[in-house]
Number of protein chains: 2
Amino acid sequence: MLSKPATLKEIARKLNISISTVSRALHDHVSIGLTTRQKVKRVAAEMNYEPNQTAVFFQKGKTFTIGVILPELSEAFFSSATSAIEETAYQKNYTVLLAQSHDNAQKEIELVEKMKNHRVDGLLVSLAKNTCSFEHFERLKKYDIPVVFFDRIPPLPNIHSVACNMETGTIEAVNYLLKKGHRAIGMINGPKTLFASGERKEGYIKAIQKNRLKFDASLIVNCDLTEKDTERCLTELLANKRKVTAIVTFNDYIALFAIKQTRSLQLPANENLEFVSYANLPLINYMEHVPVASVEQFPYLQGQKATDILLELLANKERNSVKQAAFYNITIESQLIENNKED
Amino acid sequence: MLSKPATLKEIARKLNISISTVSRALHDHVSIGLTTRQKVKRVAAEMNYEPNQTAVFFQKGKTFTIGVILPELSEAFFSSATSAIEETAYQKNYTVLLAQSHDNAQKEIELVEKMKNHRVDGLLVSLAKNTCSFEHFERLKKYDIPVVFFDRIPPLPNIHSVACNMETGTIEAVNYLLKKGHRAIGMINGPKTLFASGERKEGYIKAIQKNRLKFDASLIVNCDLTEKDTERCLTELLANKRKVTAIVTFNDYIALFAIKQTRSLQLPANENLEFVSYANLPLINYMEHVPVASVEQFPYLQGQKATDILLELLANKERNSVKQAAFYNITIESQLIENNKED
DNA sequence: AACCACTGCGCAACCGTTTGCGCGAAAAGT
DNA sequence: ACTTTTCGCGCAAACGGTTGCGCAGTGGTT
């Protein structure tokens, strides 16, 4: 008994008026008399009228849909960001079309293509790890589909982006450890190729120098982010001639690997070894031995801001406002969060 | 310089042929000669033709979009399931429209409405915690939008569903502990109101009885899933006159709370206290002291199966096959996974 | 030479909605 | 009483494709 939704045409026939009148009446157009307007609305309700959005989308050339392309949804950071994106979009009556690149640059290209075909109104993107060319995004400009990058943003001028500045958080982190009395602070950083690694290193150095201490390059080691390599980095740091009593790690996972290591090593020196990490993932709440602090990167906020920007761009477009010469680039200051565990 | 995508019409004019010929040529329709077909394709490529999907969707009354409504994307279980949904859908050229109910029944209703307006081809739903009426889903049948429920499924006949049967896993879990020599096995179960709690209890009892042991109801306590209440449950179990040496917990979080507790209590008895939990969340991999085993619920698989079913239903619809009298109901057997940690 | 089948393509309707424009009638202005 | 304005509504095009049907031309069969 599948009763296809009623259309404007059917309402029109039932009332013996024109389709356009029905359409206008339902939109409270001024040129439709009060009585007809009410009649139309009543009948529409009776017939369970629902506008066919696909027709509207088609007609208006707008889908009220924003595409989201990110590496991996099941990563806590991204699922949190996506959650924010969906919520923010929902409030402005937009829906979210979701796709994962799985950190595959090729798939990312295909997805951009697909999003374009779906005629999304705009795109939110967090780059795949190995994306190094950006023409597929350039092409979107031709179709007037705005793109806002978040978290993993390309090194390009003239883009819209939201990202977290790691430097501040790192400075805070190092300061925090210095205040607690640590003097030899190690850092297990990420691969040198990552932009984020550079920011962390900069922050480390600035904090050290502002405290009028001497920067010792041997205290920073680069890690490929695997558990094995973390082990290597840890032993390297512990073997340092200076007695490392605190370590800043590239992210929570590295910290957890390292903590596990130190505890299994059972060195007396490790009793006081303190860790600070990045991300502040929810799993931290469930750990027994957690880093003493974590640099929060606000995935939820990033998702929210990025969506705000995109919606703003879309609203501007609607208003036919002057050609956008402005580019939105928000950097959120990362922030140190102490983990108050009664541990 | 926003060059709107080329349309069939423009290609047709350029070649001095009709629109329909262009359309058919691009679809390799038999009735178009080889030469024209090639000419059309060449020009289409030159002009950067991209079919306007919204037009196609509208025309065909099909959007190649499936809606996903779930409680909270940032929960590991759901982000993993969603990841699977997206992937499976992607392979069949469908895209995913995402929305979160935040465990709010009212919002769930609105979302269903919105999905209907967006003319999604089908819907994947995991219910909000407090959803108790299901008319909003019934209404979809009128519009011929199939719905497949997963994980949190409604207690209704004649629906499509994918869910995990906890009984098997629980039996395995208890058996596993019995084989390891435990005789007094406690259980921190969820609230009695949850269906899933019942399944776990059943499994527990069956395993005990199959091993010709006597079921002791005092060994099962119900927890409201907060950390505080977990504490209460734990002390209650440890105070039991029988000496509890192993505990099955409702989920990983409860297990972690409990493990943290036992270690801070420092009772000698706790040295050998073993835990088994459910879910097998990724965070387990990063724990120092993990449950000895976990009942896996296969979020990824659930998402995959649910999507498979939905796509199958859609394919059937296309084939105009007889009115669906069949209902797909897949129950995945939960399965005990040992956590091999060299701990 | 008449008939038929087949090939290759165009015509036009259709999907449901929006919207510029025009038109008749009623109300208002002179 | 005649013109002008306002009001209320309908006509029809447009958005970009898809598809049933028809039609001309070609080639083959009797």
Side-chain angles (χ1 to χ4, degrees), chain A residues 2-41 43-44 47-65 116-121 143-144 318 320, chain B residues 2-41 43-44 47-64 116-119 121 143-144 318 320:
Chain A
L2 42 122
S3 61
K4 287 284 169 217
T7 66
L8 290 185
K9 198 193 293 186
E10 306 179 62
I11 299 178
R13 262 200 299 116
K14 190 153 203 163
L15 286 169
N16 263 324
I17 57 180
S18 80
I19 297 179
S20 46
T21 303
V22 176
S23 173
R24 281 190 255 252
L26 291 174
H27 286 84
D28 285 320
H29 193 284
V30 286
S31 80
I32 302 298
L34 187 60
T35 50
T36 14
R37 214 183 299 178
Q38 289 175 333
K39 261 193 302 181
V40 169
K41 285 189 178 177
V43 174
M47 299 180 69
N48 258 310
Y49 171 74
E50 302 274 358
N52 183 334
Q53 297 290 6
T54 65
V56 178
F57 294 162
F58 168 52
Q59 213 277 141
K60 296 210 161 182
K62 193 167 187 308
T63 56
F64 283 94
T65 300
K116 183 177 64 186
N117 288 354
H118 264 263
R119 297 293 200 269
V120 294
D121 293 335
Y143 297 99
D144 207 22
E318 204 119 342
N320 278 331
Chain B
L2 42 123
S3 61
K4 287 285 170 215
T7 66
L8 290 186
K9 200 193 293 186
E10 307 179 63
I11 299 179
R13 262 200 303 116
K14 189 151 204 164
L15 285 170
N16 264 325
I17 57 180
S18 80
I19 297 178
S20 47
T21 301
V22 177
S23 172
R24 281 189 255 253
L26 291 174
H27 286 86
D28 284 320
H29 193 285
V30 285
S31 80
I32 303 298
L34 186 61
T35 50
T36 13
R37 215 183 299 178
Q38 288 176 332
K39 259 193 305 182
V40 168
K41 286 189 178 177
V43 174
M47 300 180 68
N48 258 310
Y49 171 75
E50 302 275 356
N52 182 335
Q53 296 290 5
T54 66
V56 178
F57 294 162
F58 168 51
Q59 210 275 141
K60 296 211 162 180
K62 195 166 185 306
T63 57
F64 283 93
K116 182 177 67 187
N117 289 353
H118 262 264
R119 298 291 199 270
D121 293 335
Y143 297 97
D144 207 24
E318 204 120 341
N320 278 334

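Quick note on labels: first sequence line is chain A, next is B, and so on, each numbered from 1.
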Peer 1: On DNA chain C, does the nearest nucleotide to B/Ser20 precede the nearest nucleotide to B/Val30 from the 5' side, or the other way round? Give the residue.
Peer 2: B/Val30
Peer 1: Quick check, does A/Phe58 stack with C/dT17? I mean ring centres under 5.5 Å and planes off by under 30°.
Peer 2: no
Peer 1: Are OP1 or OP2 of C/dC9 and a side-chain N or O of B/Thr36 less than 4.0 angstrom apart?
Peer 2: yes
Peer 1: Looking at every strand, decide which applies to A/Ile17 at a 4.0 Å heavy-atom threshold: base, sugar-phosphate, or nothing.
Peer 2: sugar-phosphate
Peer 1: Would you say the side chain of B/Arg24 and the base of C/dG8 hold a donor-acceptor pair, judged only by whether the two atoms sit under 3.5 Å apart?
Peer 2: no
Peer 1: Would you say that A/Ile11 contacts A/Met47 through its side chain, given a criterion of any heavy-atom pair below 4.5 Å between the two side chains?
Peer 2: yes
Peer 1: Counting only N and O atoms by type, is there a donor-acceptor contact under 3.5 Å from the side chain of B/Gln38 to the main-chain atoms of B/Thr35?
Peer 2: no
Peer 1: If only side-chain N and O atoms of A/Ser18 are considered, is one of them under 4.0 Å from the OP1 or OP2 phosphate oxygen of D/dG10?
Peer 2: yes
Peer 1: Please determine whether a side-chain nitrogen or oxygen atom of A/Lys9 lies at a distance below 4.0 Å from atom OP1 or OP2 of C/dT17.
Peer 2: no
Peer 1: Take the protein atom NE2 of B/His29 and the nucleotide atom P of C/dG8, then report the distance between them rounded to whole Å.
Peer 2: 12 Å
Peer 1: Expressed as a whole number of angstroms, how long is the span from B/Arg37:CZ to C/dC9:P?
Peer 2: 9 Å
Peer 1: For B/Phe64 and D/dT18, what is the distance between atoms CZ and C1' respectively, to the nearest whole Å?
Peer 2: 14 Å
Peer 1: Counting heavy atoms from C-beta on, name the nucleotide in D/dG17, C/dC11, D/dC15 closest to the side chain of B/Thr7.
Peer 2: D/dG17
Peer 1: Whole Å only: how far is the NZ atom of B/Lys62 from the P atom of C/dC14?
Peer 2: 24 Å
Peer 1: Using whole Å, what does the distance between atom C1' of nucleotide C/dT7 and atom CG of B/Asp28 come to?
Peer 2: 17 Å
Peer 1: B/Glu50 has an atom CD; how far is it from atom P of D/dG17, in whole Å?
Peer 2: 10 Å
Peer 1: Assign A/Glu10 to base, sugar-phosphate, or nothing according to its heavy-atom contacts below 4.0 angstrom with the strands shown.
Peer 2: nothing
Peer 1: Under the 3.5 angstrom rule, does the side chain of B/His29 hit a backbone N or O of B/Ser31 as a donor-acceptor pair?
Peer 2: yes
Peer 1: Does the base of D/dG17 carry an N or O that pairs as donor and acceptor with the side chain of A/Arg119 under 3.5 Å?
Peer 2: no
Peer 1: Going by heavy atoms in the side chains, are A/Phe64 and A/Val56 under 4.5 Å from each other?
Peer 2: no
Peer 1: Under 4.0 angstrom, heavy atoms only, what part of the nucleic acid is B/Phe57 near: base, sugar-phosphate, or nothing?
Peer 2: nothing
Peer 1: Does atom NZ of A/Lys14 have more than 12 heavy-atom neighbours from other groups under 6.0 Å away?
Peer 2: no
Peer 1: Given C/dG8, is OP1 or OP2 found less than 4.0 Å from the side-chain N or O atoms of B/Ser31?
Peer 2: no
Peer 1: How long is the line joining CD of A/Gln59 and P of D/dC15, in whole Å?
Peer 2: 10 Å
Peer 1: In whole angstrom, give the distance that lies between atom CG of A/Leu8 and atom P of C/dT18.
Peer 2: 6 Å
Peer 1: May I ask you to evaluate whether B/Ser23 reaches the phosphate of D/dT18, defined as a side-chain N or O under 4.0 Å from OP1 or OP2?
Peer 2: yes
Peer 1: Do A/Tyr143 and A/Arg119 come close enough that some side-chain heavy atom pair is under 4.5 Å?
Peer 2: no
